[in-house]
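Comments concern the structure below.
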Amino acid sequence: MRDGLSRRDWLKVVGAAGAGSMLAPTMVTRASAQASPILPLTSTSEVFVPGRGRGFMKFSFDFPEPSVEFDGLRFGFLVFSRENAYGLDRDRMTVETTTDGLTVTASGLVWAGGQERAAGTVVARIVKRGGAVECDVTAEMAQPIKAVTTILRGVPRGSISIAGGEPFDPRDNEILVGY
């Protein structure tokens with residue numbers, strides 16, 4: 001095509017516009033008004049598969065990682081027991097805007113790649129203080145919790161400092177930080 005748009009891309013745009021015109025205007029308005037701030041990400045969203053640098057154990061399938069965006073960063077959470085890994089149940093999540101950030105609450109968890117549900121609660125408070133974004137996560141389950149993971153996406157490339165240590169460039173390597 002003359003304007004630089006390929007025939008395939010032109011068909012996608014025209015097809016989407018045509019399908020959108022078949023919806024009643026009230027349906028389009030209602031859907032946009034109820035747009036969820038919860039992003040339907042998975043363990044392979046925005047991740048190189050296979051990894052380009054050093055990495056950690058990966059699931060052999062897409063594991064749900066519903067996330068929220070705050071201050072240009074995307075936050076997702078996982079809960080690990082001694083036997084299993086759990087993600088947040090997107091259908092049982094709420095996001096509340098506070099004066100200085102967000103409160104994310106999940107009143108249920110998923111496992112087996114999102115195929116099974118489990119009882120549990122995760123509450124994450126994400127706030128901005130000065131030039132820093134802070135995240136505080138609380139998790140509860142009927143069984144012992146081994147670890148809670150915060151998946152952080154959107155960190156610009158370059159040097160980082162962990163817990164006040166010397167800055168370093170992780171390149172394409174994944175970073176595991178414990179507190």
Side-chain angles (χ1 to χ4, degrees), residues 31 33-156 160-165 170 172-179:
Q34 295 176 352
S36 173
I38 302 168
L39 306 171
L41 301 180
T42 67
S43 55
T44 58
S45 299
E46 304 173 356
V47 175
F48 296 117
V49 177
R52 294 184 177 171
R54 292 182 180 166
F56 297 95
M57 293 189 307
K58 301 276 189 225
F59 294 117
S60 61
F61 49 86
D62 272 350
F63 197 87
E65 289 178 5
S67 303
V68 295
E69 188 163 354
F70 180 74
D71 199 41
L73 301 169
R74 289 170 302 288
F75 293 82
F77 307 95
L78 295 175
V79 178
F80 291 88
S81 69
R82 296 194 188 278
E83 298 85 24
N84 213 343
Y86 300 88
L88 306 186
D89 185 341
R90 186 169 186 257
D91 295 334
R92 300 188 67 193
M93 284 177 68
T94 60
V95 179
E96 178 187 343
T97 303
T98 62
T99 55
D100 56 353
L102 298 175
T103 299
V104 179
T105 304
S107 58
L109 304 172
V110 296
W111 59 283
Q115 299 175 67
E116 299 289 335
R117 293 190 173 357
T121 304
V122 174
V123 177
R125 291 172 188 83
I126 306 167
V127 298
K128 184 158 187 173
R129 290 201 173 89
V133 175
E134 298 178 7
C135 181
D136 178 53
V137 184
T138 304
E140 295 178 9
M141 291 183 74
Q143 58 186 300
I145 295 173
K146 183 178 177 182
V148 177
T149 298
T150 301
I151 297 102
L152 184 60
R153 292 181 169 93
V155 177
I160 61 172
S161 172
I162 298 172
D172 287 326
N173 299 323
E174 294 179 1
I175 305 299
L176 175 64
V177 179
Y179 285 94

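Because the structure is a prediction, the values reported are computed rather than measured.
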field: Flag, side chain of R90 to backbone of I38, donor-acceptor distance under 3.5 Å
entry: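 Side chain of R90 to backbone of I38, a donor-acceptor pair under 3.5 Å: yes, one is there.
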In residues 119-141, what donor-acceptor pairs under 3.5 Å come from side-chain atoms, sequence neighbours left out?
residue, atom, partner, partner atom, Å
K128, NZ, D71, OD1, 3.3
K128, NZ, D71, OD2, 3.1
R129, NH1, E134, OE1, 2.6

message: Under the salt bridge (Lys or Arg N to Asp or Glu O under 4.0 Å) definition, can you give me all pairs with a residue in residues 102-115, not counting sequence neighbours?
response: none
Of all the heavy-atom pairs spanning [X] and [Y], show the shortest one and how long it is.
X: P64; Y: V110; result: CG-CG2, 4.2 Å
X: A85; Y: W111; result: O-CB, 3.5 Å
X: R82; Y: K146; result: N-CB, 4.4 Å
X: G76; Y: S67; result: CA-OG, 3.6 Å
X: F63; Y: A112; result: CE1-N, 4.3 Å
X: A106; Y: M93; result: CB-CG, 3.9 Å

To the closest 0.5 Å, what do you measure between [atom1] ([X]) and [atom2] ([Y])?
X: T105; Y: L102; atom1: OG1; atom2: CG; result: 10.5 Å
X: F77; Y: L152; atom1: CZ; atom2: CG; result: 9.0 Å
X: S107; Y: D89; atom1: OG; atom2: CG; result: 7.5 Å
X: L78; Y: L109; atom1: CG; atom2: CG; result: 10.0 Å

task: Run the numbers on R153 and E65 for salt bridge (charged side-chain N to carboxylate O under 4.0 Å, His left out), then give the verdict.
output: CA-CA 11 Å; R153 292 181 169 93; E65 289 178 5; 2.9 Å; yes
message: Could you check whether any side-chain heavy atom of S81 comes within less than 4.5 Å of a side-chain heavy atom of I145, counting everything from C-beta outward?
response: no
task: Evaluate the side-chain proximity of F70 to F75: yes if any heavy-atom separation is below 4.5 Å, no if none is.
output: yes
query: Hey, mind stepping through V155 and L73 against side chain to side chain contact (heavy atoms under 4.5 Å, CB included) and telling me if it holds?
result: CA-CA 7 Å; V155 177; L73 301 169; 4.2 Å; yes
